[in-house]
Amino acid sequence: MREYTPGKIEKKWQQIWDEEEPFKALNNSEKEKFYALVEFPYPSGEGLHVGHPRPYTALDIVSRKRRLQGYNVLFPMGWDAFGLPTENFAIKHKIHPATVTKNNIKRFKAQLKSIGFSFDWSREINTTDPQYYKWTQWIFLKLFEKGLAYKNEMPINWCTSCKVGLANEEVVQGSCERCGSEVIRKVKNQWMLKITKYADRLIEDLEDLDYIERVKAQQINWIGKSVGAEIDFQIENKDDKLRVFTTRPDTLFGSSYMVISAEHPLIEKYRDEIENLDDIKIYQEEVSKKSDFERTELSKEKTGIEIKGLKAINPANKQEIPIWISDYVLMTYGTGAIMSVPGHDTRDYEFAKKFNLPIIEVIKGGNIEKEAFTDIENGTIINSDFLDGMDVKKGQEYMINWLEENGLGEKKINFKLRDWVFSRQRYWGEPIPLVHCDECGWVPVPEEDLPVVLPEVENYEPTANGESPLANITQWVNTTCPKCGGKAKRETDTMPQWAGSSWYYLRYIDPHNNEALASDKALKYWMPVDWYNGGMEHTTLHLLYSRFWHKVLYDVGVVEEKEPYKKRTSHGMILGDNNEKMSKSRGNVINPDDIVNEYGADTLRTYEMFIGDFEKSVPWSENGVRGCRRFLERVWKLQEILVDGEGYTKELESSIHKTIKKVSEDFEHLKFNTGIAALMSLSNEFNDYGKITKTDLKTFIILLNPVAPHITEEMWENLGLKDYLHNSIWPEYDKEKTLDKIINIPVQVNGKVRGTIEVDVDATKEIVIEKAKEDENIRKFLDGKNIIKEIFIPGKIFNIVVK
RNA sequence: GCCGGUGUGUCGGAAUUGGCAGACGAGACAGACUCAAAAUCUGUUAUCCGUACGGGUGUGUGGGUUCGAGUCCCACCACCGGCACCA
């Protein structure tokens, strides 16, 4: 038998797969479909990282297994290629971003192919292809038609380094998610998408989905629904009312002052009545100088100032209360004003203590001398007239009713989620397909004129004044209004990186369709995605955005399913061997090419799946890689102990069936590590036994094939079997045969194992007792004691309780 | 502070969901082969007492339920991730 040479074998099979395309998914098939999806990469200049193959291998295993089980599997790949790094690279090296993208894709593709993924390459997509972004623009027009895209002058997050506006989701701790530079507030006229309109549905529809818990929790958290009431406080001697949002209407009687945000319009409106306007101006100035980051960071001490000359009336008890300004009240949430209940809110308590404001106890149960009592489960309402004696929940309902009946307020639900800032002042993105006409306003480019192709430019540099580089190309900008035919200008902002990836799973279904983003028939057959695996970092970005777009497409009637992804799982990160995140600066980056060259793709795949719990991050270990290579070498050597003739080995029958069961189940439940461990154990058993039949070896290599497709395909060929392994059938296990006939039952005395006895699997209690008492060591613990109880769990354990 | 998760040998990690804790792999140690090394093969490897048969202890900490707890309940500690003056 010749040596195991992955270098040769792997190239050979990759070439066969390239030529014969066995992993092509069919759009007209009688078979049951299975749509497996992994996040398509951003083709960066750095090439593939060892982190990429982890999720790809996982779903490749599932896909390969499902094909062997007779499914029509769609497992596609593509490129999320618009975005800043490419543009920056292009600027620096004076190469067109399209060229940079093309080169990077070429490299990525070669790397992915060298690992032997069973992607259907005939469906490869690229978000920067005009034939692709034609449909991204088409979807934008739908959003626009439905009033879900609007242009608004508003303060946005501005990255000082990228010179681009960012969505809230792209700001991490006051810094740019991408480059880490400071993010400041800048007022700009921006295209916005009304994701907030879908907030409720984005939470509610999570319920029926098979998403891992932490994904659901993070999305719910991010959307931040809170149920409460809006209440009007009359401003004394004025017509105006000051409206607040509260989640605790039950504590209204305890509200002893109000706080409004420093940007609240009330201040400007009543400037002439305010006695201390100068001091307030100074305070406002201080607040505006702080970045959002500082505002939250410097949260230790509360600051604020009372508005002298204005008072409000608490609508419950008609008390006159003061109005304060403080930066802990945000203009961007609720109504920008709160009723302060220091007795039962921690922040209000701090504020009241600092400025010596009255603290009224309205819920009994805590000690408000010491701290705010915020428990909503335990506590009884007091000092609140008609609410007295109720618990918090009942008080809330009662109060909302009372407010509504008296026209003082109403039930209200608020969300933390903000609308999606959708404009980017950059070149390398999808042009927003709108035209501005002085007569007609914003006019959509007619569908038949799509795509609006990104023009060639000399210079991609972002402009200092924050305008898109496209604005300088006058011949592109100046156009005619599709509506009135008059002079008009194109929108020069482009879409954010997240646009193309918000619907890509739909394009894979019918990637070459020119009439629609995908045909109805194909959509009906393939949707929804059965299993989508991706990074946790996309939970509140891509995953949320694409669910939103899908719901819009559902409302428009393009898709029939409310949700795009039936199941969502997430992989852990691969860390450097020093247990730190892999990065160039730490010098602990592993290049998958090196592993493929030195050990082979099958080893890389086996290792990445065997390395540990798929959902947890785990350090890289070169020794672990070697261990997996050793395993594959041993598998290869099984060919040396192959015996002639058909038939299986009776002695190992139960092990084989147990392994089929274990592997089949584990590969479906992200437990690749234990599935592979089971295969290792079985191969050890064959080795110990010293012989393997053709039938058994065939079963074994089919089970291993999804993990290590090249070596198993080669061994299949060596066995002289017909056709290819990838056209064979996944083995089924016989439940009867997974059960052992003779088993070892541990015998405990007072819960401690004192011996094991060998009995038939269906042995009765009596037989077990008798056998147990024959055991010398067990008897030692029984002698001179009274047996109080005997617990016998058939097939599991026998426990004798003595005294 | 809130939400989610995780704590098991030297390391990565197993444990049919309440039934022999440490599968599988790595590492280490010993042996075989070799002039030698690597590779390969064999054995040992939670810990303590014991030559051994065997026994004690042991799954972050403290308590509880149970014939029996890594697994269930209560309280706490540590770490990781997300959100955070969100009213």
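Convention: sequence-line order gives letters A, B, ...; per-chain numbering from 1. What you are looking at is a predicted structure, and each value in this text was computed from that prediction instead of being measured.
Ring planes of A/F351 and A/Y257: parallel class, angle under 30° (limits at 30 and 60°).
Taking 4.0 angstrom as the limit, A/K735 places none of its side-chain polar atoms (N or O) nearer than this to OP1 or OP2 of B/rU16. Contact annotation: A/K225 side-chain N/O to B/rC3 OP1/OP2 distance is not under 4.0 Å. For B/rG55, the OP1/OP2 oxygens have a side-chain nitrogen or oxygen of A/N777 closer than 4.0 Å. Proximity of A/N673 to the phosphate of B/rA14: a side-chain N or O atom is located under 4.0 Å from OP1 or OP2.
No hydrogens or angles considered: a donor-acceptor pair under 3.5 Å links the side chains of A/T196 and A/D419.
When rounded to the nearest whole Å, the span between CZ of A/R634 and C1' of B/rA39 equals 14 Å. When rounded to the nearest whole Å, the span between CE of A/M536 and P of B/rG81 equals 12 Å.
Within 6.0 Å of NZ in A/K658 there are more than 12 heavy atoms belonging to other residues, nucleotides or ligands.
Here the nucleotide nearest the side chain of A/V329, chosen from B/rA87, B/rA14, B/rG55, is B/rA87.
The nearest heavy atom of RNA chain B to A/C628 and to A/N414 marks one nucleotide each, and the one closer to the 5' end goes with A/C628. Toward the 5' end of RNA chain B, the nearer of the two residues A/G751 and A/A217, judged by each one's closest nucleotide, is A/A217.
Residue A/R248 is tested with A/D250, A/T251, A/T246 for a side-chain hydrogen bond (donor to acceptor under 3.5 Å, both in side chains); the sole match is A/D250.
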